Amino acid sequence: MDITRLRNIGIAAHIDAGKTTTSERILYYTGRNYKIGEVHEGAATMDWMEQERERGITITSAATTCVWRDHTINLIDTPGHVDFTVEVERSLRVLDGAVAVFCAVGGVEPQSETVWRQADRYHVPRIAFINKMDRIGADFDAVVAAMREKLGANAIPVQIPIGAEEDFIGVVDLLEQKAVMFSRELGQPPVPTAIPASMVEAAKAGRDAIIEAISDFSDDIMTLYLEGREISAALIRKVLREATIALKVVPVLCGSAFKNKGVEMVLDAVVDYLPSPTDLPPVHGSRPGEPRSVVERRSDPNEPFTALAFKVAVDPFLGKLIFLRVYSGRMEKGSTLYNSTSGERERIGRIMRMHSNKREDIDSLEAGMIVAVPSLKHTRTGDTLCLENSPIVLENLVFPESVISLSVEPATQGDKMKLSKGLSALADEDPTFRVRTDEESGQTIISGMGELHLEIIVDRLKREFGVDVRVGRPQVAYREAIRKAATAEGKYIRQSGGRGQYGHVVFEIEPLTEGRGYEFEDRIVGGVIPKEYIAAAQKGLEEAIQSGILGGYPVIGIKVSLVDGSYHEVDSSDMAFKIAASMGFKEAMKKAGPILMEPIMSVEVVTPEDYVGDVIGDLSSRRGRIEGMDMRANARIIKAYVPLASMFGYATDLRSKTSGRANYTMQFDHYDPTPAEVTEKVLKG
């Protein structure tokens, strides 16, 4: 395999921008599919789950491989709905490039921004495809302007549309200075022709804008530009590619995937502008147990083998499937690899190239590949697989906190075992889905990213695992925090004839300004507590933080410093220090002014002008804080922060208030202190 002719790309965007439709057209034009699967007919190849086909949305990222212009393209179609944002996160972590799809009418929507920031975080080069140019209200220039303003992207159109809405008939290729007219017949290639006379000036200005934008990145172009000499399309393409890979520019194309317009040019742009694995810097990791050490691996089959497990899927026939991105080296099937995250060995018995939920067996793994491997017993999402004599731990994936919970219980005693098995498999597959048992009620509580997320989980339990479950009402995932600093000690002493138990710690706790997570600092000096007992105390503390003192909710935004303590030569043990730490933490919490925190959602409502007053009034009645209002085409966009507790059932209320003409998106933003009257209500249950 020639690694320079490989492209690992993702299709990412806001819900309903047309990602899956674009993916289906790519599969058709590359010859991977001979029939186009339509999302609205429930026949899309990449939406293979029953729940995806029924709802017409993508829930899980699907991988496939196709070929264009002698280049192999590994393609991942990702979800657009905010509840499944983890699928986008883990896909972008392992991809080399992305096609960001924007709706020509909706423009830069909330989830477009979220996806864009995720791609920024993982330094993923992008091209943009402005889709749905045939829709009423399509505005190419407005979307490009919004990309620059809202995303801070250096968006550079490499095409401009000929017409819009029902008159969208072609595009002008600004680099080649020619027009390309689309055929009305499926599968017929677009026809190159002369630029319409009315667009010659705009086409020349567009090419000059590209040259001006990339002249900073190339002395050759700068010289030719200043001397007024002709600059070839090949040179512009080469420099545009370098600037795209360096994250300096985003080439912009347009079309209508549903009407089969412009998809071949997107494929050309993937080959021309997005990187192969060798175009990117080496991947960095650390040696196991030495988080500050730096180990790097180049994308080369001759380097030591390194791969990241970025996704786990449950296959009804094969069981657990682990998706791997191979960063370096080569490995035959039948080999044994080392999981440097868990410290276990894993045998690679079978290697598969995926095409959505179908698969093709291959004999080896090589740098740059994205494959699936079944039957790995000890590997989970985020683990690194490597050679035992050349170990590396790649940076793990970070997943957001769940914000909503439900209680589930089996309808019959016979379903109990099946429920446990199903929940365990789904938790392995989805790192944002969490399962716990409520100590007081004994109920099984499942937590996730939103109502739709948990609805899909319950649906999958019924269909895939045959479990009939009863579901409780949605519950908000509250958290606890502290208002002020405090000091307290925890002392655990037990004497019972023989060897006793002795653990003693002194903690200082203080709120963290950013209000998230937890930090631990070891400030023990002079060995007043031995190292092994400090580790035990930290473990006890981490367990205690999972249930605060107000309502048993996890504690966030807190720094804990272990400052003093004592131990006994004979009676001290790990268990004694764990218990002492737990007691000390609870004591410190009581003194530090504990408060309840609730998840606040960022809500964006798109509504016709007539209903603005009703929508704002309704959001305010839900304790919402209106942040601002924008215009988009003939609609108003209302932005607000609203507590999640007030948003249950909002979709139905919004539909009835606006005659079904408004829609909204919602995603978790931050935690805020809960008002006193709400705190009282929550704690009373």
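Fair warning: this is a prediction, and the values are worked out from it, not measured in the lab. Excluded from the calculations below are hydrogen atoms, water molecules and symmetry mates; all remaining heavy atoms, backbone and side chain alike, are included.
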Is [Y] close to [X] at the side-chain level, that is, under 4.5 Å between some pair of heavy atoms?
{"X": "Arg350", "Y": "Ser375", "result": "no"}
{"X": "Ile245", "Y": "Leu280", "result": "yes"}
{"X": "Ile348", "Y": "Leu376", "result": "yes"}
{"X": "Val283", "Y": "Ser328", "result": "no"}

Closest approach of Lys333 and Gly349, non-hydrogen atoms and distance?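 Taking every non-hydrogen atom into account, CD-O, 4.1 Å.
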Closest non-hydrogen atom pair between Pro282 and Glu296, with its separation: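 Taking every non-hydrogen atom into account, CG-OE2, 3.8 Å.
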OG1 on Thr72 to CZ on Arg5, rounded to 0.5 Å: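 Nearest 0.5 Å value for the CZ-OG1 distance: 9.5 Å.
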Find the distance between CD1 (Ile210) and CG (Leu174) and round it off to the nearest 0.5 Å.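 The CD1 atom of Ile210 sits 4.5 Å away from the CG atom of Leu174.
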Between the side chains of [X] and [Y], does any donor sit under 3.5 Å from an acceptor?
{"X": "Thr4", "Y": "Ser276", "answer": "no"}
{"X": "Ser390", "Y": "Arg297", "answer": "yes"}
{"X": "Arg25", "Y": "Asn260", "answer": "yes"}
{"X": "Asp430", "Y": "Thr432", "answer": "yes"}

Does the pair Val158 and Val252 meet the rule for a side chain to side chain contact (heavy atoms under 4.5 Å, CB included), with working shown? CA-CA 6 Å; Val158 292; Val252 182; over 6 Å; no
Donor-acceptor contact present, side-chain [X] to main-chain [Y], <3.5 Å:
{"X": "Ser218", "Y": "Ser215", "answer": "no"}
{"X": "Asp96", "Y": "Pro275", "answer": "no"}
{"X": "Asn8", "Y": "Gly368", "answer": "yes"}
{"X": "Arg121", "Y": "Arg93", "answer": "no"}
{"X": "Arg126", "Y": "Val124", "answer": "yes"}
{"X": "Thr384", "Y": "Thr341", "answer": "no"}
{"X": "Gln159", "Y": "Cys254", "answer": "yes"}
{"X": "Asn131", "Y": "Ala257", "answer": "yes"}
{"X": "Glu346", "Y": "Asn339", "answer": "no"}
{"X": "Ser335", "Y": "Glu332", "answer": "yes"}

Pair [X] + [Y], salt bridge at N-O below 4.0 Å:
{"X": "Arg229", "Y": "Glu227", "result": "yes"}
{"X": "Asp268", "Y": "Arg69", "result": "yes"}
{"X": "Arg330", "Y": "Glu303", "result": "no"}
{"X": "Arg207", "Y": "Glu230", "result": "yes"}
{"X": "Asp272", "Y": "Arg241", "result": "no"}
{"X": "Arg237", "Y": "Glu242", "result": "no"}
{"X": "Asp173", "Y": "Lys178", "result": "no"}
{"X": "Asp279", "Y": "Arg7", "result": "no"}

Take a 6.0 Å sphere around [atom1] of [X] and say whether it holds more than 12 heavy atoms from other residues, nucleotides or ligands.
{"X": "Asp361", "atom1": "CG", "answer": "yes"}
{"X": "Leu226", "atom1": "CG", "answer": "yes"}
{"X": "Arg298", "atom1": "CZ", "answer": "no"}
{"X": "Glu212", "atom1": "CD", "answer": "no"}

Show your reasoning for whether side chain to side chain contact (heavy atoms under 4.5 Å, CB included) applies to Met265 and Leu267. CA-CA 5 Å; Met265 291 173 220; Leu267 283 162; over 6 Å; no
Could you list the residues that satisfy ring pair (Phe, Tyr, Trp, His ring centres under 6.0 Å) with Phe305, not counting sequence neighbours?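 Listed in chain order: nothing, the list is empty.
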So Leu95 and Ile370, side chain to side chain contact (heavy atoms under 4.5 Å, CB included) or not? Walk me through it. CA-CA 9 Å; Leu95 292 171; Ile370 292 177; 4.1 Å; yes
Under 30°, 30 to 60°, or over 60°: which ring-plane class applies to Phe102 and Trp116, parallel, tilted or perpendicular?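 Because their plane-to-plane angle lies in the 30° to 60° range, the rings of Phe102 and Trp116 count as tilted.
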Among Lys311, Arg460, Lys320, exactly one meets side-chain hydrogen bond (donor to acceptor under 3.5 Å, both in side chains) together with Glu429. Which residue is that?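 Result: among Lys311, Arg460, Lys320, Arg460 is the only option passing the side-chain hydrogen bond (donor to acceptor under 3.5 Å, both in side chains) with Glu429.
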Can you see whether Tyr327 has Arg325 sitting over its ring - NZ or CZ less than 6.0 Å from the centre and within 45° of the normal?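 Yes.
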Criterion side chain to side chain contact (heavy atoms under 4.5 Å, CB included) on Lys261 and Val171, from CA distance to verdict: CA-CA 9 Å; Lys261 295 177 177 180; Val171 296; over 6 Å; no
